[in-house]
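Following: one structure in structure tokens, then a few remarks.
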Number of protein chains: 2
Amino acid sequence: MGASLDSVKSGTETEEMSADTDLRERLLQVALELIAEGGLAALSIRAVARRASVSHQAPYHYFADREQLLAALSEQGFRRLIADFERVSSHDDDDPLRRLERLGAAYLRFALRHPGQYALMFRRDVVDHHRHPALAEAGGCAFQTLVDAVTAIHAAGRLRGGAPDQLSVVIWSTVHGAASLWRDGALQTKAEELDEEGLIALVTSRLSAMIEKGNP
Amino acid sequence: MGASLDSVKSGTETEEMSADTDLRERLLQVALELIAEGGLAALSIRAVARRASVSHQAPYHYFADREQLLAALSEQGFRRLIADFERVSSHDDDDPLRRLERLGAAYLRFALRHPGQYALMFRRDVVDHHRHPALAEAGGCAFQTLVDAVTAIHAAGRLRGGAPDQLSVVIWSTVHGAASLWRDGALQTKAEELDEEGLIALVTSRLSAMIEKGNP
DNA sequence: TGACCGACCTGACAGTGTCAGGCTAGAGGA
DNA sequence: TCCTCTAGCCTGACACTGTCAGGTCGGTCA
């Protein structure tokens, strides 16, 4: 028996992926679908296996346990976030404060568009970064982008007090908090006239206000 | 059988609570212990029942399902947070900016001292506020305290731009983000010289910088 | 030809939340 | 005194989960 339909790849390209794709990749994509549909609670190894039409044990050939699959998903999220960062960084406008604002907006957009995956990236109770060096490295790289942006503001002499790495902590806290609260629906009931773009504008505008020298 | 040792209450007051206490209260306390010891993942209805020395079904007499128990725990958390807010509010110093800073510090202290319960208070995937009006009301009350504090700053003419409720969203985001990132261990690796009190000082100082008029 | 191995599979186990249906002590009315 | 009712538990089952143990099968390589 097994995966009996290799090399067939006939008419059904419409759904999911073609059958001969790496099972590992297919499992990751299916897991992402499940998270997007029903949140982290809807993600079980067996559910992933079912949707991928393999046995409930097949995923364990590629991932030692549940946490390893989640770690791979989490790392993928950080890499995509970093890619988003790079996209908005390579802007011809080189004002460091605007750059920080664009990074903040990109962060929030990523979090709001991929709420399930974003949540997973910070659920250390289910994925311990210490056990997954590649994940820890990706997360560190994302944070470093923020630190670099603040350092550039400092170098331009426009930072009001504080060390760049410490101010980065506060800035990261602000965007992470806004993203988390919005995802959890905690903000929608408080400021009803606020939509996603409004939230992004509100938060990013205060990011520079928080650290810029000589702000009115 | 059942709870066979009512009205005894002899020598064993040292551990947990006396045996004739409300089972409902005992379940909540045991649940809190489990969360404190092993996080939310360690909290199962059956584990609570085991530690409370009752059958696995006894909790369902008081809580319709798992979510109801978690909702009660979450609501208790918000009420304790509100109590902390009131404690630091009734200070003879009536500078509204200092008051906001004290609120922020109280928020962070609560989150850092009760990480499991705090996490639960914002896990809407496990506890939907819409299904638990008392919980939603407690959460709204806590947020309102922040809004009131910002409104007082506005009334004193010391707010730089923005509506109080919108600025409250940003401030809440900042403290919530800092608390969440610290709890998840995401900050410890980035700014190693930072301890809990350092984080509180760092964040609260930037809260006023974010909104105060005429800040240097 | 035979040993090996990667890529799956089936079958079991303990743990979980939850449904269904007990049991028992006490209260309230006849 | 007897009967009924109910609150406050209980036992037993179910489907679901992650995970351990041990197949099977096609290909590779000596």
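For clarity, every value in this text was computed on a predicted model and none was experimentally measured. Each chain gets a letter, A, B and so on, in the order its sequence line appears, and its residues count up from 1.
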Nearest-angstrom distance from the residue atom CZ of A:R26 to P of C:dA7: 14 Å

Those residues that, when tested against A:Y118, pass ring pair (Phe, Tyr, Trp, His ring centres under 6.0 Å) (two or more places apart): A:Y107, A:F122, A:H176

Pairs satisfying salt bridge (Lys or Arg N to Asp or Glu O under 4.0 Å), at least one member in residues 169-182 of chain A, at least two apart: none

Residue list, side-chain hydrogen bond (donor to acceptor under 3.5 Å, both in side chains) with B:R66, at least two apart or on another chain: none

Qualifying ring pair (Phe, Tyr, Trp, His ring centres under 6.0 Å) pairs, either residue in residues 124-147 of chain A, two or more places apart: A:F143-A:W172

Close side-chain approach of A:I211 to A:L100, heavy-atom, < 4.5 Å: yes

Between D:dT17 (P) and A:R51 (CZ): distance, integer Å: 13 Å

B:R66 CZ to C:dT16 P, straight-line distance once rounded to whole Å: 10 Å

For atom CZ of B:R24 and atom C1' of D:dC9, their distance in whole Å: 17 Å

Give me the distances for all protein-to-nucleotides 11-14 of chain D N/O pairs that come in under 3.5 Å?
unit_1: D:dG12; atom_1: O6; unit_2: B:H56; atom_2: NE2; d: 3.2

Closest-nucleotide 5' rank along DNA chain C - winner of B:A64 and B:R50: B:R50

Between C:dC9 (C1') and A:Y62 (OH): distance, integer Å: 13 Å

Sugar-phosphate only, base, or nothing, as touched by B:Y60 at under 4.0 Å among non-hydrogen atoms: base

B:E67 CD - C:dT18 P separation (whole Å): 9 Å

d(NE2, A:H61; P, C:dG6) in whole Å: 7 Å

Nucleotide D:dG18, atom P - distance to CG of A:L27 in whole Å: 13 Å

Ring pair (Phe, Tyr, Trp, His ring centres under 6.0 Å) partners of B:H114, counting only residues at least two apart: B:F110

